[in-house]
Amino acid sequence: MTLPPITVLDAVGSTNDVARTLGLAGAPHGAAVAARKQTAGRGRRGHSWESPRGNVYLSVVLRPRVTPARLPGLAAACGVGALDALRALAPSREPLLKWPNDILARKRKLAGILVEAVRGTAGDALAVCGIGVNVSAAPRDLAAVSLAELAPAASADAGTDVGGLAAALRNHIVARVDAWSAADGDRPLDGVREDYLARLAWMSAAVVARDPESGAELARGTLVDVDPWGRAVLETPSGRMSLTAEQASLRPASDT
C-alpha cells in the first residue's frame, strides 16, 4: 500500500488536532502531519506536553479494520510500531515500552504517545496516533532523554530531516497497526501482545502502582504480565492484581 505524503509544518498548536480535522474530512489511513514545534501539545489525561524546537512531533490518521471490542489494543500496536522505528536509530536497542505505550531509554522518557479515538461520520473506526520524540532536547525536570544522547549521528540527521524521521515513524506505526488489524482473535492485544511483552520495561521487576491523578500508592508488587485486554498484572503480597491504564501508572520500586 502506498501511503500519502506527510504534511510537514514549522509550528502548530497540536498535530493531533490537525490530524483529527484531516481524518474527519476523509483523509486516508496513514495520512499524517508533522511539526518542528507545538504550542499546545498534550499528553494522556489532558496533561500538557512540552514541545520545543529541536524535536519531532507527528500525528497519524488511522482507520483500523477491527471490531469495537479490539480497538483498545490500538495504542499497544502504535507503541510497538514507534519503538521499531526508534530502535533502528539507536543501535544499542536501549529503547523500551513503558506500560501502556510511552517509550523509555536509560530509565527516562524518550517519546510520548497519545492515541485518541475520533467519532467518524461513516461508522468506521477512526483514530489519531500522536507521538513526540525528544531528538535534541529533553526536559530534565521530566526525567527525559533524547536521541542526541543515545545516537548522536542519528539525532543530527533527524534534527535536520524532520520529514525523514516522521516518515520512518509513520511507516512503522502503520505497518504494525495493519498487522495487528489482520491478526486472528477478538481481544484487544491479540496480534501484538507477544512482541509488546518482549519490549516492555520492568517486566519481572518490582514496581509501585500509583493513582494517576493523586499520586497515591495503590499497590506494590512484581510486574508479571500484561493480559490480552491490556491490563498490567502485578504479583503482590495479597495475590495477583490487574490494573487498567486509567486506574494506575507504574514506577520502578527502586525509584521510591
Side-chain angles (χ1 to χ4, degrees), residues 16 40-51 55 69 71-80 82-83 86 93-117 129-134 137-146 149-150 187-190 192-256:
N16 262 30
R42 62 183 180 275
R44 295 177 62 236
R45 306 185 186 95
H47 295 165
S48 62
W49 176 263
E50 188 174 339
S51 309
N55 298 333
L71 198 55
L74 178 62
C78 290
V80 174
L83 187 66
L86 292 174
R93 300 179 69 82
E94 288 183 278
L96 294 169
L97 288 167
K98 173 184 177 291
W99 178 80
N101 65 334
D102 285 341
I103 297 175
L104 302 176
R106 300 180 186 176
K107 300 181 180 180
R108 292 180 279 156
K109 182 178 282 192
L110 174 62
I113 298 174
L114 177 65
V115 177
E116 296 181 304
C129 172
I131 178 169
V133 181
N134 297 326
R140 291 297 176 181
D141 59 330
L142 297 180
V145 69
S146 68
E149 295 175 71
L150 301 176
R187 299 171 300 184
L189 265 60
D190 286 341
V192 74
R193 182 166 170 252
E194 183 176 344
D195 285 345
Y196 180 83
L197 289 172
R199 293 160 171 77
L200 193 63
W202 312 329
M203 279 296 292
S204 302
V207 297
V208 177
R210 295 190 178 278
D211 182 284
E213 299 301 330
S214 69
E217 183 173 315
L218 302 175
R220 286 177 179 256
T222 301
L223 178 60
V224 295
D225 198 6
V226 173
D227 71 19
W229 289 270
R231 298 174 298 198
V233 181
L234 274 58
E235 189 72 62
T236 77
S238 303
R240 290 206 168 187
M241 173 183 289
S242 297
L243 296 164
T244 67
E246 289 72 31
Q247 292 174 316
S249 62
L250 300 183
R251 295 291 185 274
S254 58
D255 289 355
T256 62

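Side-chain atoms of Y196 never come within 3.5 Å of backbone atoms of G230 as a donor-acceptor pair (strictly under, hydrogens ignored). Here the side chain of R210 pairs a donor or acceptor atom with the backbone of G215 at under 3.5 angstrom.
For R199, the salt bridge (Lys or Arg N to Asp or Glu O under 4.0 Å) test picks out D84, D195, with sequence neighbours left out. Under the rule for a side-chain contact (heavy atoms from CB on, under 4.5 Å), the partners of S214 that lie at least two apart in sequence or sit in another chain are D211, A216. With sequence neighbours excluded, the residues forming a side-chain contact (heavy atoms from CB on, under 4.5 Å) with L104 are K98, K109, A201, W202, listed by chain and number. Shown here are the side-chain contact (heavy atoms from CB on, under 4.5 Å) partners of A232, two or more places apart in sequence or in another chain: W99, L223, L234, L250. Shown here are the salt bridge (Lys or Arg N to Asp or Glu O under 4.0 Å) partners of D227, two or more places apart in sequence or in another chain: R231.
Interatomic distance, L197 CG to D225 CG, rounded to the nearest 0.5 Å: 5.5 Å.
Residues E116 and L114 form a side-chain contact, since some pair of their non-hydrogen atoms from C-beta on lies under 4.5 Å apart. Two residues are said to be in side-chain contact when any heavy atoms from C-beta on lie closer than 4.5 Å; P95 and L83 meet this criterion. Using a 4.5 Å heavy-atom cutoff, the side chains of R240 and V233 are in contact. L150 places none of its side-chain heavy atoms less than 4.5 Å from the side chain of S146. The shortest distance between side-chain heavy atoms of L86 and V133 falls below 4.5 Å.
Between R106 and E149, no side-chain nitrogen of the basic residue sits less than 4.0 Å from a carboxylate oxygen of the acidic one, so the salt-bridge criterion is not met.
Taking all atoms of both residues into account, the shortest heavy-atom contact from N134 to A144 is ND2-CB, 3.6 Å. The shortest heavy-atom contact between R220 and A253 is NH1-CB, 4.2 Å.
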